[in-house]
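Structure first, then comments.
We use all heavy atoms of the structure for the numbers below, so side chains are in, but hydrogens, waters and symmetry mates are not.
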Amino acid sequence: MHAKKGDWVQIQQILLKPEERTAPLPEDTQKVPLMMRIKGFLINETAEIGQEVEIKTLTGRLVKGELVAINPKYEHDFGEPVPELITVGLELRKILEGDNNV
């Protein structure tokens, strides 16, 4: 798959190699590099996954890194719902409205 200039892409950079990481980290964490991923618009005319490219972020920064995704999706969430918190908003509203039968 290839990207063209102006496509929304994601790059990554190695910020710290394993040997550059601080000592108080857990052993398994010390063995891997510290990575940064950044999304932005591709500046290069065309690019393939794995190539070194330049992007322009939404804040206008120009950043170089390895192309890892084209049209990346958002994959974060807030985890599983906490049952005790599901009804807290409803209960609070009743209390604020003066309903003491909560």
Next on the checklist: Checking Thr57 now: which residues fulfil side chain to side chain donor-acceptor pair (under 3.5 Å) with it, not counting sequence neighbours?
Outcome noted: Thr59
List the atom pairs, donor and acceptor, that lie under 3.5 Å between side-chain atoms in residues 42-50 and the rest of the protein, sequence neighbours left out.
| unit_1 | atom_1 | unit_2 | atom_2 | d |
| --- | --- | --- | --- | --- |
| Asn44 | OD1 | Glu54 | N | 2.8 |

Item to check | Check: Val32 main-chain N/O paired with Arg21 side-chain donor or acceptor under 3.5 Å | outcome: yes
Item to check | Contacts of Glu20 that satisfy salt bridge (Lys or Arg N to Asp or Glu O under 4.0 Å) - sequence neighbours left out | outcome: none
Next on the checklist: Starting from Val53, can I reach Leu15 by hopping between I/L/V/M/F/W/Y residues whose side chains sit under 4.5 Å apart?
Outcome noted: yes
Item to check | Residues forming a side chain to side chain donor-acceptor pair (under 3.5 Å) with Thr87, sequence neighbours excluded | outcome: Glu91
Checklist entry - What heavy-atom pair brings Pro33 and Pro18 nearest, and what distance separates the two atoms? => result N-CG, 3.8 Å
Checklist entry - Going hydrophobic residue to hydrophobic residue with side-chain gaps under 4.5 angstrom, can you get from Ile14 over to Leu25? => result no
Please list every donor-acceptor pair under 3.5 Å in which a side-chain atom of residues 70-77 meets a protein atom from a residue at least two apart or in another chain.
| unit_1 | atom_1 | unit_2 | atom_2 | d |
| --- | --- | --- | --- | --- |
| Asp77 | OD1 | Gly79 | N | 2.9 |

Checklist entry - According to a 4.5 Å side-chain heavy-atom criterion applied to Ile, Leu, Val, Met, Phe, Trp and Tyr, with indirect links allowed, do Leu34 and Met36 form part of one hydrophobic cluster? => result yes
Review item, side-chain donor-acceptor pairs of residues 6-13, under 3.5 Å, at least two apart:
| unit_1 | atom_1 | unit_2 | atom_2 | d |
| --- | --- | --- | --- | --- |
| Asp7 | OD1 | Lys4 | NZ | 3.3 |
| Asp7 | OD2 | Lys4 | N | 2.9 |
| Gln12 | OE1 | Arg37 | NE | 3.3 |
| Gln12 | OE1 | Arg37 | NH2 | 3.2 |
| Gln12 | NE2 | Glu66 | OE1 | 3.4 |
| Gln13 | NE2 | Lys64 | O | 2.5 |

